Every structure is written in C-alpha cells, then in structure tokens.
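To start, the structure under review is shown below, and the notes come after it.
Below, each value reflects all heavy atoms present in this structure, side chains not excepted, and no hydrogens, waters or symmetry copies. All values derive from a computational prediction rather than experimental measurement.
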Amino acid sequence: MFTSTGSSGLYKAPLSKSLLLVPSALSLLLALLLPHCQKLFVYDLHAVKNDFQIWRLICGRIICLDLKDTFCSSLLIYNFRIFERRYGSRKFASFLLGSWVLSALFDFLLIEAMQYFFGITAASNLPSGFLAPVFALFVPFYCSIPRVQVAQILGPLSITNKTLIYILGLQLFTSGSYIWIVAISGLMSGLCYDSKMFQVHQVLCIPSWMAKFFSWTLEPIFSSSEPTSEARIGMGATLDIQRQQRMELLDRQLMFSQFAQGRRQRQQQGGMINWNRLFPPLRQRQNVNYQGGRQSEPAAPPLEVSEEQVARLMEMGFSRGDALEALRASNNDLNVATNFLLQH
C-alpha cells in the first residue's frame with residue numbers, strides 16, 4: 001500500500017469502489033468496443049459555450065478517453081479512499097461534488113484567461129474524465145495525512161509514505177498537453193472546499209435524504225466485506241525499504257493486539273481505555289529499586305503534551321481526550337499517535 005494509513009481493501013468505502021468500477025468499465029467499453037462514440041464524451045468548452053452543449057460538462061468530466069489517465073486516476077482514488085472511511089460516504093461525496101462543480105467554473109476562467117492574454121484557443125478540448133476531483137483530493141492529503149519517513153537516499157532526499165502518491169500525481173499531471181489546466185482547477189477547487197471558503201461546503205453538499213436513498217439502493221451493491229486477514233507486500237524500491245515496511249507491519253500488528261486486549265478489558269470493566277497497557281514500551285516509566293528496604297523516588301509527573309500537536313489531531317477529527325492520551329502514550333510522537341488513531 002502506498003500510504004501508512006492501513007489497507008483493508010475497499011472496506012467501508014462503497015463510493016470509492018463505485019468510482020473505480022463504473023468509470024473504468026465505461027472507459028474500456030468506449031476504447032475497445034465503441035470507439036465511434038468517443039466524440040460524444042469529448043470535454044469541449046467551446047461547444048459548451050457557443051453551441052450550448054451542456055451535456056458535455058457531465059459526460060466529458062466523468063469518463064476518461066485515455067486509458068493511461070483511467071489507470072492513474074483509479075490508483076489515486078483507491079489510495080484516497082481513506083478519506084471516505086474517515087469522514088463517511090456522505091461528506092466524501094459532498095467534497096467530490098463540490099470540487100467537481102467548482103473545477104468546471106475554474107476551467108472556464110482559465111480558458112478565457114489564456115485566450116485573452118495569450119490568444120490560445122486550442123486548449124478548449126481538455127482531457128476528459130473524473131480528473132479534477134482527483135487532483136482536489138491532494139489538498140486534504142497534503143494537509144491532514146502525516147508524513148512518515150520510510151527511507152533516506154542521497155543524503156537529504158528521503159522516501160516517505162506519501163512519496164509514491166505524489167509521483168503518481170505527477171505522472172497524471174504530465175500525461176497530456178492541457179491537463180495542467182484541469183489539475184490547477186482541481187487544486188483550486190479542493191483548496192476552496194477544504195478551507196470552507198465562501199461557505200461552499202454548505203451549498204455544494206449531498207442532502208441527507210439523497211444520502212439515505214443511495215445508501216439504501218447502491219451501497220449494498222458496492223459494499224465490501226470486512227477483511228479477515230491481510231498479508232501486506234512491501235512496495236519499496238530497495239531491499240532496505242521492504243525490510244523497513246515489514247518491521248512497521250510487525251509493530252502495527254503488536255499495537256493492534258494490545259488494542260484488542262485493552263478493548264476487551266474496557267468492555268468487561270467499563271470506562272476509558274488504559275493507554276498505559278496499550279503502549280507499555282512507549283511510556284516514560286521510572287524503575288523501582290529497593291535499596292535498604294526503601295523505595296526510589298516517586299514516579300515522574302505526566303508528560304507535557306504539545307498543544308500544537310493536539311490541535312493538529314483535533315483538526316483531523318479526533319477528540320481532545322483521545323489526542324492527549326495518544327500523544328502521551330507515544331511520547332509526543334505525532335506520526336505514531338496519528339497512525340494508531342487513524343486505524344480506529
């Protein structure tokens with residue numbers, strides 16, 4: 001898996017699964033069996049503006065006509081499914097809808113600006129497909145997913161859990177002549193929606209009745225069962241990266257087993273999770289030695305927690321209590337605390 005936020009397939013991500021299957025199947029169908037129908041899905045802004053072919057704003061911005069773009073965007077959607085599991089399908093769909101609508105407006109503005117300042121009109125035929133919302137998802141990915149170093153190469157250069165995602169986005173960014181327009185409009189729309197600028201998140205959102213309707217009709221079709229066991233395969237470029245990934249897997253499995261034990265105890269006894277039992281090697285503990293029948297000094301006071309790190313975890317949607325306990329348990333290691341909280 002590209003990120004360190006857990007794999008577990010497409011479990012609890014029915015919208016991501018539908019975006020992977022339906023547009024990809026239609027792209028293959030148009031490319032292999034119905035090539036003469038591809039002209040109907042061309043994203044031509046001049047035809048929209050001059051001939052009022054409004055349907056191109058829908059068809060041209062959902063189905064990819066280039067199979068390379070289909071493949072890259074599908075991989076990115078698969079890795080961005082973590083946002084659907086974190087925020088829920090309704091909020092995730094609202095983000096995609098808002099960025100999809102805003103990016104269409106930014107496409108028009110960028111095209112008009114290029115024509116006015118540079119006299120370029122050939123950019124009216126932009127790359128087709130569900131590309132702008134995919135680029136918009138890079139905004140919350142950059143802001144809310146912590147950066148964890150996996151390996152270091154060539155001195156200051158390092159490989160992190162986010163490196164391959166950015167490389168894949170760069171590959172998609174350079175796949176066509178004018179795809180940079182779609183990428184810029186997608187990033188701008190994602191920034192506007194994620195920062196809640198002009199309250200667009202309240203206007204461009206999925207109504208609750210519509211979310212319930214699709215949850216009742218389509219979610220059973222695209223839902224995935226909970227995985228029973230997962231065997232991760234290292235995707236590092238070198239042997240050292242793969243060893244590091246295997247070590248992280250073992251640490252994560254140990255953490256999960258400790259968490260399951262703490263949950264069982266909480267269900268039996270009630271109350272909060274005992275984080276001291278979840279993270280015994282990470283706590284700062286003072287040895288108790290008996291010398292001459294006397295005990296050593298009292299235990300050290302609770303670890304001071306950075307309010308800035310607590311605020312960052314709360315911005316990601318976690319409660320203040322969980323953020324404080326996770327940071328204390330991990331000795332103020334934001335990456336360890338975040339990765340554990342993201343899994344639960």
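The aromatic rings of Phe138 and Tyr166 sit parallel to each other, their planes meeting at less than 30°, with 60° as the upper class boundary.
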Checklist entry - Asp44 and Asp51: side chain to side chain contact (heavy atoms under 4.5 Å, CB included), yes or no, with the steps? => result CA-CA 10 Å; Asp44 189 350; Asp51 301 332; over 6 Å; no

Next on the checklist: Test side chain to side chain donor-acceptor pair (under 3.5 Å) on Ser24 and Ser27; report intermediate values, then the result.
Outcome noted: CA-CA 5 Å; Ser24 300; Ser27 297; over 6 Å; no

Item to check | Worked verdict on Leu126 versus Ile111 for side chain to side chain contact (heavy atoms under 4.5 Å, CB included) | outcome: CA-CA 10 Å; Leu126 298 179; Ile111 290 297; 4.1 Å; yes

Item to check | Phe135 and Leu172: CA distance, side-chain angles, deciding distance, side chain to side chain contact (heavy atoms under 4.5 Å, CB included) verdict | outcome: CA-CA 9 Å; Phe135 283 108; Leu172 185 61; 3.8 Å; yes

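Nearest approach of Pro127 to Val182, heavy atoms of both residues: CD-CG2, 4.1 Å. In plain terms, the two heavy atoms of Val48 and Ile54 that are nearest each other are CG1-CD1, 4.2 Å. The shortest heavy-atom contact between Pro140 and Ala136 is CD-O, 3.3 Å. Nearest heavy-atom pair across Gln309 and Leu327 is OE1-CD2, 3.7 Å. Taking every heavy atom of both residues into account, Ser208 and Arg90 meet most closely at N-NH2, 3.5 Å. Between Cys72 and Gln171 the shortest heavy-atom distance is SG-CG, 3.9 Å.
For Pro14, the side-chain contact (heavy atoms from CB on, under 4.5 Å) partners two or more places apart in sequence, or in a different chain, are Glu84, Ser89, Glu219, Phe222. Looking at residues two or more places apart in sequence or on another chain, you find a side-chain contact (heavy atoms from CB on, under 4.5 Å) between Glu307 and Val310, Arg320.
Note that the CG atom of Leu26 and the SG atom of Cys37 stand 12.0 Å from one another [nearest 0.5 Å]. The CG atom of Leu76 lies 9.0 Å from the CG atom of Leu137; values are rounded to the nearest 0.5 Å. Note that CZ of Phe83 and CD1 of Ile77 are 13.0 Å apart. Values are rounded to the nearest 0.5 Å. Here CG of Asp107 is found 11.5 Å from CD of Glu112. Values are rounded to the nearest 0.5 Å. Distance OG/Ser175 to CG/Leu170: 10.0 Å, rounded to 0.5 Å. Note that the CH2 atom of Trp209 and the CZ atom of Phe214 stand 8.0 Å from one another [nearest 0.5 Å].
Side-chain N or O atoms of Arg56 include one that pairs as donor or acceptor with a backbone N or O of Val42 at under 3.5 Å. Looking only at distances, a side-chain donor or acceptor of Asp66 sits under 3.5 Å from a matching main-chain atom of Lys68. Proximity of a side-chain donor or acceptor of Arg81 to a complementary backbone N or O of Tyr78 within less than 3.5 Å is detected.
Counting heavy atoms from C-beta outward, Ser128 and Ile63 have side chains that stay 4.5 Å or more apart. Put simply, the side chain of Ile145 reaches to within 4.5 Å of the side chain of Phe141, judged on heavy atoms. Within the 4.5 Å cutoff, the side chain of Ser73 has heavy atoms near those of the Leu131 side chain. Counting heavy atoms from C-beta on, the side chains of Ile184 and Leu187 never come closer than 4.5 Å.
In this structure, Lys49 is not positioned above the aromatic face of Phe108 in the sense of NZ or CZ being under 6.0 Å from the six-membered ring centre and within 45° of the axis.
In terms of hydrophobic clustering, with Ile, Leu, Val, Met, Phe, Trp and Tyr side chains grouped at heavy-atom distances under 4.5 Å, Leu75 and Val22 are assigned to a common cluster. Leu40 is not connected to Leu28 by any chain of hydrophobic side-chain contacts under 4.5 Å among Ile, Leu, Val, Met, Phe, Trp and Tyr, and they are in different clusters. Under the 4.5 Å side-chain heavy-atom criterion for Ile, Leu, Val, Met, Phe, Trp and Tyr, Leu204 and Ile58 are members of the same hydrophobic cluster. At a threshold of 4.5 Å between side-chain heavy atoms, the hydrophobic network of Ile, Leu, Val, Met, Phe, Trp and Tyr places Leu109 and Val101 in one connected group. Hydrophobic clustering keeps Trp216 apart from Ile221 (ILVMFWY residues linked when any side-chain heavy atoms are closer than 4.5 Å, directly or through intermediates).
Summarising the local packing, CZ of Phe71 is surrounded by 12 or fewer heavy atoms from other residues, nucleotides or ligands at distances under 6.0 Å. No more than 12 heavy atoms of other residues, nucleotides or ligands sit less than 6.0 Å from atom CD of Glu308.
Each of Ser99, Ser103, Ser94 was scored for a side chain to side chain contact (heavy atoms under 4.5 Å, CB included) with Tyr193, with one residue passing: Ser94.
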